[in-house]
Asks: 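Attaching a single structure in structure tokens format; questions to follow.
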Amino acid sequence: QVQLVESGGGLVQAGGSLRLSCAASGLTFSRYSMGWFRQAAGKEREFVAYSSRIGGYTYYADSVKGRFTISRDNAKNTVYLQMNSLKPEDTAVYYCAASSGLSYLTMERGYDHWGQGTQVTVSS
């Protein structure tokens, strides 16, 4: 079965950096678009970034544009989220997700599979 396992979360001071990883198994990774979402305590889950399975296209939420970078290594079945210039408002559980389609990639409904999440905490 499909498994997505996130890692790399932790506690970091404001202005610092973290790199999240999401290792996928049970699917043909290159045929999936991959996304990152986050959910802060008491809030709904929100889109962060995605990497399309077509042409390496990437897209970011305005709140992270210029600070976060999504990348993927199809040989390792892994997608990454490099997070720089972190702010306290970036504190959340971060989830990776896999989509076999090309629609609704900024929305939860666009994704078929989800990881369990990794906590990122940014202290001020």
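For clarity, every value in this text was computed on a predicted model and none was experimentally measured.
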Asks: Under 4.5 Å between any side-chain heavy atoms of Tyr111 and Leu105, yes or no?
Replies: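 Yes - at least one pair of side-chain heavy atoms lies under 4.5 Å apart.
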Asks: Please report the interatomic distance OG(Ser63) to NZ(Lys65), rounded to the nearest 0.5 Å.
Replies: 9.5 Å
Asks: How far does OG of Ser124 sit from NZ of Lys87, to the nearest 0.5 angstrom?
Replies: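 Between atom OG of Ser124 and atom NZ of Lys87 there are 14.0 Å.
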Asks: With rounding to the nearest 0.5 angstrom, report the OG to OH distance, Ser51 to Tyr57.
Replies: 11.0 Å
Asks: Which atom names give the shortest non-hydrogen contact between Gln82 and Ser17, and what distance separates them?
Replies: NE2-CB, 4.0 Å
Asks: Which pair of non-hydrogen atoms, one from Pro88 and one from Ala14, has the smallest distance, and what is that distance?
Replies: CD-CB, 4.1 Å
Asks: If every non-hydrogen atom of Ala23 is compared with every non-hydrogen atom of Thr78, which pair is closest and at what distance?
Replies: CA-OG1, 4.1 Å
Asks: For residues 91-114, pull every pair meeting salt bridge (Lys or Arg N to Asp or Glu O under 4.0 Å), keeping only residues two or more places apart or in separate chains.
Replies: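 As it turns out, the salt bridge (Lys or Arg N to Asp or Glu O under 4.0 Å) pairs with a partner in residues 91-114, which skip direct neighbours, are Arg45-Glu108.
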Asks: Starting from Leu4 and following side-chain heavy-atom contacts under 4.5 Å between hydrophobic residues (I, L, V, M, F, W, Y), which residues can be reached?
Replies: Val2, Val12, Leu18, Leu20, Leu27, Phe29, Tyr32, Met34, Trp36, Val48, Tyr60, Val64, Phe68, Ile70, Val79, Leu81, Met83, Leu86, Tyr94, Val120, Val122
Asks: Tell me whether Thr28 contacts the main-chain N or O of Ser30 through its side chain, where contact means a donor paired with an acceptor under 3.5 Å.
Replies: no
Asks: May I ask you to decide if Arg38's main-chain N or O and Glu46's side chain share a donor-acceptor pair within less than 3.5 Å?
Replies: no
Asks: What pair of heavy atoms forms the shortest contact from Arg72 to Ser52, and how long is it?
Replies: NH1-O, 3.7 Å
Asks: Partners of Lys43 by side chain to side chain donor-acceptor pair (under 3.5 Å), sequence neighbours excluded?
Replies: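 With sequence neighbours excluded, Lys43 shows a side chain to side chain donor-acceptor pair (under 3.5 Å) to no residue whatsoever.
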Asks: Determine whether a donor-acceptor pair (N or O, by modelled atom type, separation under 3.5 Å) exists between the side chain of Glu6 and the backbone of Gln116.
Replies: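 Side chain of Glu6 to backbone of Gln116: a pair is present.
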Asks: Hey, is the main chain of Gly9 close enough, under 3.5 Å, to the side chain of Thr118 for a donor-acceptor pair?
Replies: yes
Asks: Are the side chain of Ser33 and the backbone N or O of Arg53 linked by a donor-acceptor pair below 3.5 Å?
Replies: yes
Asks: About how many Å separate OH of Tyr50 and OH of Tyr59, when rounded to the nearest 0.5 Å?
Replies: 7.0 Å
Asks: So Gln119 and Leu11, do their side chains get closer than 4.5 Å, heavy atoms only?
Replies: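 They are not in side-chain contact.
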Asks: Side chain of Ser99, backbone of Gly110: donor and acceptor closer than 3.5 Å?
Replies: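 It does hold such a pair.
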